[in-house]
Number of protein chains: 2
Amino acid sequence: MKKRLSISDIAKNLGISVTTVSFILNDKAKEKRISDALTKRVLDYVNKVGYKPNQLAKSLRTGKSKTLGLLVEDISNSFFANIADQIEKLAYDFGYHIVYCSMNNDVNRAKELIQLFYDRQIDGFIIAPTEGLTEVIQKLLKNNVPVVLFDRHLEDLETNFVISENHNGALIGTRFLLEEKKASRVGLVTINSNQLQMRGRMEGYMEAVDAMGKDMLIKKIVRAQADEDTILQIRDFIQDNRLDGVLFATNYLALSGLKAIKRYDLGIEKVVSFDENAVFSLVEPAVSAISQNIHEIARKVVDILINEINGKNKELVQVVVPCEIIAR
Amino acid sequence: MKKRLSISDIAKNLGISVTTVSFILNDKAKEKRISDALTKRVLDYVNKVGYKPNQLAKSLRTGKSKTLGLLVEDISNSFFANIADQIEKLAYDFGYHIVYCSMNNDVNRAKELIQLFYDRQIDGFIIAPTEGLTEVIQKLLKNNVPVVLFDRHLEDLETNFVISENHNGALIGTRFLLEEKKASRVGLVTINSNQLQMRGRMEGYMEAVDAMGKDMLIKKIVRAQADEDTILQIRDFIQDNRLDGVLFATNYLALSGLKAIKRYDLGIEKVVSFDENAVFSLVEPAVSAISQNIHEIARKVVDILINEINGKNKELVQVVVPCEIIAR
DNA sequence: GTGAAAGCGCTAACAC
DNA sequence: GTGTTAGCGCTTTCAC
């Protein structure tokens with residue numbers, strides 16, 4: 001690779017000192033009362049030769065990288081993809097860049113990634129945490145690294161977080177099935193995870209079912225298993241319990257469920273899922289969605305993190321954002 | 001943030017020099033004939049206090065970051081999400097990390113990102129290039145930065161690339177509609193982009209249609225417009241031309257098309273799309289897919305890039321990977 | 001076998 | 001107003 005120009009090359013070529021160049025490049029020309037003429041000369045030259053400061057050296061020196069790390073479980077999940085997109089745009093307005101990482105359900109990878117980012121002097125973390133990350137995140141917090149969790153939080157961790165009103169969302173969704181759709185046997189398909197957002201959704205479901213004096217019918221799917229197994233389990237769940245309505249706790253569960261419904265002709269028509277997905281209006285039966293307010297979540301996440309970095313958060317900020325039902 | 005331990009802290013605490021610590025940490029203990037006892041003592045201590053080298057300083061010094069940049073248009077597109085996942089896993093086996101960025105159709109952002117990555121001493125780039133990136137990529141090449149393009153390539157750029165057999169894929173897909181499905185009026189919905197992979201797909205379609213002596217019916221959709229507009233245009237295209245079969249050049253076009261078909265009850269049953277998507281088996285009509293060999297593409301991309309970094313590519317490597325049809 | 005010291009490119013306190 | 005220089009944490013040459 002052709003040797004890149006450094007600030008001292010610039011200084012030498014211009015016959016001035018690196019300090020002056022540095023000040024000018026960092027918009028401190030006025031403050032340091034460097035002459036307009038010189039400022040212009042430097043800027044023009046820098047522009048002409050296309051000099052770009054080495055960010056690595058800059059970060060090493062300043063301890064700031066103007067970069068935030070975003071860790072999600074699966075970036076191809078439409079919920080995470082959308083939120084990542086929003087977060088990136090918002091952070092950009094504050095002069096921050098985002099590097100993402102998809103953890104793909106692998107705790108060890110996730111830990112390594114957090115460590116990697118930390119080693120690279122990332123200024124702050126945005127994490128949709130999985131179980132098993134408690135320890136690493138705890139370590140970050142102990143080192144005063146700015147962190148904000150979203151989508152869920154971890155029970156024994158005192159952190160900033162932004163989550164959706166899961167309980168209430170599930171409550172509304174279930175009621176929608178029972179009252180609007182007049183379903184009488186409504187099941188919940190969720191995952192066998194203790195993640196708080198899943199607990200909230202389950203409790204919301206339970207409350208709604210309970211209030212109507214109906215049976216609670218719950219299936220917990222093993223998270224890591226093959227899609228085919230999931231499909232079969234959902235089929236059995238629906239058939240064995242003669243469900244006429246079903247609430248899926250996540251959009252990927254709904255997708256597996258739809259495959260089951262279609263493939264085995266289960267004839268179920270009343271379906272609600274957490275998280276909107278482009279497919280839900282396309283399929284038969286159409287799926288109503290409990291949609292999380294992605295824009296609001298992203299906005300809060302970025303605000304909180306930037307404030308944290310700037311030391312403006314006096315105490316923990318924990319935000320719960322309402323959901324909305326999209327009836328189909 | 002609590003001050004992190006540096007290598008000199010370690011050396012000081014152990015009463016030895018930084019050199020020795022550095023050698024041991026970089027697996028040069030044997031080579032430099034450092035005693036086993038000392039090696040063990042250092043390793044144990046480092047482990048105990050949880051010291052991690054500052055990667056920034058390391059990269060600054062060595063000029064290598066063991067990190068690759070992956071730039072795609074839209075990481076929420078299932079094709080890119082899947083390929084990103086594979087690439088990440090493969091690169092990891094070579095000791096490389098991946099940082100992604102989604103360019104979201106914004107050339108300026110993309111340029112900035114490339115520059116940012118470059119400034120951060122990224123060891124190589126994997127890019128699914130959009131038009132307008134020619135210049136920046138040219139600049140990378142001029143600076144001998146290892147680059148490999150995938151999914152498409154840019155005409156006047158002499159680079160490594162890995163692409164699918166677009167022409168042949170479209171040919172097979174179109175033939176499938178004409179011969180297997182006995183469609184007689186088959187249209188192509190593509191985007192108004194000059195990207196080479198789109199040209200290849202169009203030509204494949206044309207060849208197949210031509211061979212059967214059928215009419216060529218092509219609609220180019222403006223890439224940036226609202227989904228609703230796309231839906232309306234596809235509806236009109238299908239209706240105005242009384243199509244009984246349609247080939248979509250990308251999976252997101254197919255998704256819009258499916259919305260049109262469903263919403264306006266177009267009654268079209270013979271549909272093929274480039275790129276597999278989880279939805280295609282769920283919807284009515286089921287969509288057959290011209291599936292790209294994602295695993296092979298990822299493997300080639302990583303191999304080529306690593307070889308390039310290690311100076312093992314004597315000349316440009318340009319690979320074309322066959323597609324496969326998933327009939328439904 | 002181990003250590004001293006230069007230097008990667010940058011910022012900023014201090015000097016003049 | 002501008003320059004000198006220390007130092008961020010690391011690797012590696014050279015010296016002993």
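Owing to the predicted nature of the structure, the values given are computational and were not obtained by experimental measurement. So that the names make sense, note that chain A is the first sequence line, chain B the second, and so on, each numbered from 1. Hydrogens, waters and symmetry mates are skipped; everything else that's a heavy atom, side chains included, is used.
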5′-ward residue of the pair A:Leu25/B:Gly15 relative to DNA chain C:
B:Gly15
Regarding A:Ser35, tell me which of base, sugar-phosphate or nothing describes its non-hydrogen contacts under 4.0 Å with the strands shown.
sugar-phosphate
Check every atom of C:dG3, C:dG9, C:dC10 against the side chain of A:Leu60 and return the nucleotide holding the closest atom.
C:dG9
Compare side-chain N and O positions of A:Asn54 against OP1 and OP2 of C:dC8 and report whether any pair is under 4.0 Å apart.
no
If you count every heavy atom of other residues, nucleotides or ligands that lies below 6.0 Å from A:Glu131 atom CD, does the total exceed 12?
yes
Should we count CG of A:Asn310 as having more than 12 external heavy atoms under 6.0 Å?
yes
Base, sugar-phosphate, or nothing: which does B:Leu56 touch, judged by heavy atoms less than 4.0 Å apart?
nothing
May I ask you to verify if any side-chain N or O of A:Lys32 is less than 4.0 angstrom from the OP1 or OP2 atom of D:dT2?
no
Of the nucleotides D:dC8, D:dT2, D:dT11, which has the atom closest to the A:Arg61 side chain?
D:dC8
If the cut-off is 4.0 Å, is A:Ser22 near the phosphate of C:dT11, judged by side-chain N/O to OP1 or OP2?
yes
The side chain of A:Ser17 is closest to which nucleotide in this list: D:dT4, C:dC10, C:dG3?
D:dT4
From the set C:dC10, C:dG3, D:dT2, return the single nucleotide nearest to any side-chain atom of A:Lys58.
C:dC10
Taking the nucleotide of DNA chain C with the nearest heavy atom to each, does A:Thr19 or B:Thr19 sit closer to the 5' end?
B:Thr19
So is A:Arg33 actually on top of A:Phe23's ring, under 6.0 Å and inside 45° of the axis?
no
For a quick test of reading the model: is some side-chain N or O of B:Tyr51 closer than 4.0 Å to OP1 or OP2 of D:dC10?
yes
May I ask you to say what B:Lys64 touches in the nucleic acid, namely base, sugar-phosphate or nothing, with a heavy-atom cut-off under 4.0 Å?
nothing
Closest listed nucleotide, where the reference is the side chain of A:Arg33 and the choices are D:dG9, D:dG1, D:dT12:
D:dG1
To the nearest Å, give me how far apart CD (A:Gln55) and C1' (C:dC8) are.
15 Å
Salt-bridge criterion met for A:Asp93 and A:Lys89 (N-O under 4.0 Å):
no
Knowing that exactly one of B:Arg41, B:Lys40, B:Lys48 qualifies, which makes a salt bridge (charged side-chain N to carboxylate O under 4.0 Å, His left out) with B:Asp44?
B:Lys40
Of the options C:dA13, C:dG9, D:dT12, whose atoms approach the side-chain atoms of B:Lys28 most closely?
D:dT12
Taking the minimum atom-to-atom distance to the side chain of B:Val18, which one of C:dG9, D:dT11, D:dC10 wins?
D:dT11
